[in-house]
Number of protein chains: 2
Amino acid sequence: MPYRRTPAIQARIDAQRTGVLHAATELLRERGYAGCSITAVAAKAGVATGTVYRHFPSKTELVVELFRAVVGREVAAVAEASRAHDGLVARVIAVTETFASRALKSPRLAYALLAEPVDPAVEAERLVFRRTFRDLLAGPIAEGVGLGVLPPQDPRLTAAALVGAVAEALVGPLAEGDAAPDAVPELVNFTLRALGVPESSGGIDADA
Amino acid sequence: MPYRRTPAIQARIDAQRTGVLHAATELLRERGYAGCSITAVAAKAGVATGTVYRHFPSKTELVVELFRAVVGREVAAVAEASRAHDGLVARVIAVTETFASRALKSPRLAYALLAEPVDPAVEAERLVFRRTFRDLLAGPIAEGVGLGVLPPQDPRLTAAALVGAVAEALVGPLAEGDAAPDAVPELVNFTLRALGVPESSGGIDADA
DNA sequence: GTCTATAGTTCGATAGAC
DNA sequence: GTCTATCGAACTATAGAC
């Protein structure tokens with residue numbers, strides 16, 4: 001009788017795969033991609049090095065899936081923060097603030113996701129996710145322009161520029177382990193100015 | 001008598017090295033890093049593939065040097081444009097405008113320099129050059145804040161954010177070969193808003 | 001799953017400079 | 001005659017097609 005993969009076995013395999021990804025996530029948080037050698041990931045997951053290759057055909061595939069999973073959580077958190085606000089400007093601010101403060105809370109991880117030199121396949125994923133963040137911002141900005149809350153501008157261009165701005169502004173502090181205590185409010189102010197929000201519009205949720 | 005490399009031979013070797021880099025630059029302009037296979041570079045330079053390895057120990061070293069040389073020219077052009085203006089705001093605008101319009105004139109090259117997924121060693125160089133551009137902007141911004149021409153802000157953070165903003169805003173149009181005819185003025189407007197330049201300050205070179 | 005195409009790299013042979 | 005710069009085929013690995 002041929003070997004058959006029972007549900008119980010399958011579950012154990014899946015759990016092991018999850019465990020490997022989880023171990024990789026911790027290493028990414030602690031030491032970035034530099035710490036994610038297959039050996040280190042396997043050791044942290046409590047499996048043999050070769051076992052990793054039973055779940056992932058190559059290190060490239062592993063790090064790409066790792067990147068997608070971790071950044072996916074950031075996208076979810078940011079999208080959630082956006083949804084939690086009503087005003088158009090408030091949404092953009094919430095995105096900036098959430099993104100930046102989460103990054104500064106996990107500096108090594110954020111640096112790995114944003115800027116650490118790594119396999120070109122991960123680079124390609126970075127481009128994809130930057131577009132995702134851009135699209136998250138472009139909607140509210142377009143509405144704001146339509147309603148006259150914001151001055152005339154190309155919403156997609158402004159959205160892309162803001163994504164690049166926030167990401168790049170964080171790279172410096174993240175790389176140097178700098179304290180940068182004011183970075184988040186500074187970035188929010190930058191964002192408000194860049195959008196062209198009138199100075200008077202003080203309070204969050206103040207607009208349409 | 002031992003073989004000695006005469007000046008004539010050395011000159012020929014140097015010329016050949018330059019020729020290889022020149023060929024690589026053309027290929028980068030035409031088809032990005034994707035077009036820069038060693039075989040293609042060698043063919044374009046009119047040398048054998050193996051000869052490339054007499055000048056560069058590996059493809060990585062070749063593309064890193066290529067990147068440095070090409071981006072170095074962009075830095076020079078942008079720095080020159082900055083120097084050509086007197087006003088602090090005018091300098092920042094000149095940097096943005098020069099950078100963006102040059103990029104849009106050589107879209108494939110600009111995409112390769114800014115965003116194309118490539119060897120991590122080139123990624124590391126990208127980080128270095130982004131800092132260079134940031135420092136180019138941070139000076140005038142700091143002066144502008146000091147003089148009260150610009151509202152209070154962290155000059156280095158604003159500078160980094162602008163570098164990221166311009167780069168990221170260009171990636172979309174560059175990747176899609178989009179016309180994006182208004183991209184440059186739009187980016188200039190974004191920059192003016194982000195700096196916090198009062199609406200009234202119309203003309204270039206109008207400030208201190 | 002094998003086969004093909006193409007990538008980066010290596011190396012023995014050749015031709016020309018010393 | 002010796003040494004070396006150059007060549008281009010061969011080697012190894014990998015990705016995609018059938």
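Remark: A:E61 pairs with no residue by the side chain to side chain donor-acceptor pair (under 3.5 Å) rule, at least two apart or across chains.
Two rings, from A:Y33 and A:F67, have their centers 6.0 Å or more apart.
The two residues B:P120 and A:P117 have their closest heavy-atom pair at O-CB, 3.4 Å. Between B:A175 and B:Y111 the shortest heavy-atom distance is CB-CE1, 3.9 Å. Listed here is the closest heavy atom pair of B:E186 and A:Q153: OE1-CA, 3.8 Å. B:G19 and B:A45 make their closest contact through O-CB, 3.9 Å (heavy atoms, listed as atom of the first residue, atom of the second, distance).
OP1 or OP2 of D:dA5 lies within a sub-4.0 Å distance of a side-chain N or O belonging to B:R5.
Note: B:R29 CZ to B:C36 SG = 11.5 Å, rounded to the nearest 0.5 Å.
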Q: Report, as a single string ordered 5' to 3', how protein heavy atoms within less than 4.0 Å touch nucleotides 7-15 of chain D: B base, S sugar-phosphate only, - not at all.
A: BBB------
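Here the P atom of nucleotide D:dT4 and the CD1 atom of B:I9 are 13 Å apart, to the nearest Å. Nucleotide C:dA17 holds its C1' atom 11 Å from the CD1 atom of B:I13, rounded to whole Å.
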Between the protein and nucleotides 6-8 of chain C, list the N/O to N/O atom pairs that are separated by less than 3.5 angstrom.
from: C:dG8; atom 1: OP1; to: B:K59; atom 2: NZ; distance (Å): 2.2
from: C:dG8; atom 1: OP2; to: B:I38; atom 2: N; distance (Å): 3.1

Q: Show your working on salt bridge (charged side-chain N to carboxylate O under 4.0 Å, His left out) between A:E168 and B:R131 and close with a plain yes or no.
A: CA-CA 10 Å; A:E168 184 65 25; B:R131 280 213 307 262; over 6 Å; no
